[in-house]
Novice: 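Let me begin by handing over the structure; questions about it come next.
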There are 2 protein chains.
Amino acid sequence: MSGVDGLSLRELARDAGVSHGAPRRHFKDKRALLDALAVEGFTRLDAVLARANGEGGRFADRLSDVAIAYVRFATGHPALLELMFSSKHELDASAELKTAANACFARLEDLVRSGQASGELAAADLQQVGTIVFASLQGITALVNTEMAGDADLDALTVSTVRALLYGLAPRS
Amino acid sequence: MSGVDGLSLRELARDAGVSHGAPRRHFKDKRALLDALAVEGFTRLDAVLARANGEGGRFADRLSDVAIAYVRFATGHPALLELMFSSKHELDASAELKTAANACFARLEDLVRSGQASGELAAADLQQVGTIVFASLQGITALVNTEMAGDADLDALTVSTVRALLYGLAPRS
DNA sequence: ACCTGAACACCGTTCAAGT
DNA sequence: ACCTGAACACCGTTCAAGT
């Protein structure tokens, strides 16, 4: 049973000591409940990213800090992260969910923009650079959450990835 | 209903015009069936990667070709990919499944090794570089499969990501 | 060897009925 | 307003019985 579908409304009701029909009063659907959890997840993630993003300092350091915070959160709550992103891409995702998710992405995009403004990032399409950076973080998350990468050296892997993205894996000379 | 759990054995049996108990003769479990599908997926992916990896040519081009092939496959069969990686990380994944999966990763690792050997990649820990490269590809996959990145410019995104990994996003001068 | 079909213990969802 | 509990249509799994 994969993380999301392992959650049963009836079991939840049982644990709460209430009848299986009761949750219906609070959540119209199973997915309404899942959506609410996903919104909560994005809100918490946004707070985590905000805290990690020290306004001062070199861009490379701020990016590293945010990346570490993101990857720690994402690998620390694998089921929640899966829920957040699988809920978000449902065709009829709630406006609230989209708003919460976009706040997180905007935060990353702002960071990239500031790097371009200060010249620490080469001028390039903001969207595309943002996507590349975010994809790298999500990729680390995916590898760790499917146990293809150990989480022992998690921060080191994150920092190496950020470094590779900034300075390249090819010899620089 | 997420991709993997959307598949019902009873529905499968119905579609095959057979009783719901019949699949039991061929697959002991629902997961035994899913594992068999995952193995098939890795085998097909391995063939795709082998075909993409032209032995001659510059490393950067070969990496681009393999990356494009991987991302196309992964985003072209989202449910299969989710199944492949979620099955693989089950604690009691079959030896057959692990073997099929490892063949794909070894192929990527070989490519990285050849880049280091030719000097087109800086000397560094093979495992870590392999992980960074693979994470990037899996990250693109995750973004596209959760509809956070469009698949219109999929190859362009892949090529840009490979370029960023090789040469960096920071100004090079 | 392979399939059938009833049985069991679970789901999510709906809805009349209670308080 | 909120909860209950039966009902319905689904699951996966098991198992005696058929061919």
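The structure presented is a predicted model; accordingly, all values stated were derived computationally and were not measured. Below, chains carry the letters A, B, ... as their sequence lines are ordered, and counting in each starts from 1. Only heavy atoms go into these numbers, but all of them, side chains included; no hydrogens, no water, no symmetry mates.
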Novice: When only distance counts, do a donor and an acceptor, one from the side chain of B:His26 and one from the base of C:dA1, lie under 3.5 Å apart?
Specialist: no

Novice: For A:Leu7 and A:Lys30, work out which heavy atoms get closest and say how close.
Specialist: O-NZ, 2.7 Å

Novice: Please name the nucleotide paired to C:dA9 by Watson-Crick or G-U wobble geometry with both distances under 3.5 Å, or report none.
Specialist: none

Novice: Rounding to an integer number of Å, can you tell me how far B:His20 NE2 sits from D:dT14 P?
Specialist: 12 Å

Novice: What is the separation between atom CZ on A:Arg24 and atom P on C:dA16, rounded to the nearest whole Å?
Specialist: 13 Å

Novice: What is the distance, to the nearest angstrom, from the CZ atom on B:Arg10 to the P atom on C:dA7?
Specialist: 13 Å

Novice: Looking at A:Ile132, A:Leu63, A:Leu137, which hits side chain to side chain contact (heavy atoms under 4.5 Å, CB included) with A:Leu165?
Specialist: A:Ile132

Novice: Quick one: do B:Asp65 and B:Arg62 make a salt bridge, cutoff under 4.0 Å?
Specialist: no

Novice: Measure CZ/A:Phe27 against P/D:dC2 and give the value in whole Å, please.
Specialist: 13 Å

Novice: Rounded to whole angstroms, how far apart are CZ on B:Arg25 and C1' on D:dG18?
Specialist: 12 Å

Novice: In Watson-Crick or G-U wobble terms, both distances under 3.5 Å, what is the partner of D:dA1?
Specialist: C:dT19

Novice: Rounded to whole Å, how long is the line connecting atom CG of B:Leu9 with atom P of D:dC10?
Specialist: 16 Å

Novice: Side chain of B:Arg14, heavy atoms from C-beta onward: which of D:dC11, C:dG5, C:dC11 has the nearest atom to it?
Specialist: D:dC11

Novice: Please state how far atom CG in A:Leu7 lies from atom C1' in C:dC11, giving the value in whole angstrom units.
Specialist: 12 Å

Novice: Within the structure, does a side-chain N or O atom of B:Ser8 lie under 4.0 Å from either OP1 or OP2 of D:dC11?
Specialist: yes

Novice: Out of D:dG12, C:dT13, C:dG5, which has the shortest distance to the side chain of B:Ser19?
Specialist: C:dG5

Novice: Do B:Ser118 and B:Glu120 have a side chain donor and acceptor closer than 3.5 Å?
Specialist: yes

Novice: For A:Lys30 and C:dT14, give me the distance from atom NZ to atom C1', rounded to whole Å.
Specialist: 17 Å

Novice: Stepwise, does the side chain to side chain contact (heavy atoms under 4.5 Å, CB included) test hold for A:Leu49 with A:Phe73?
Specialist: CA-CA 9 Å; A:Leu49 295 183; A:Phe73 181 89; over 6 Å; no

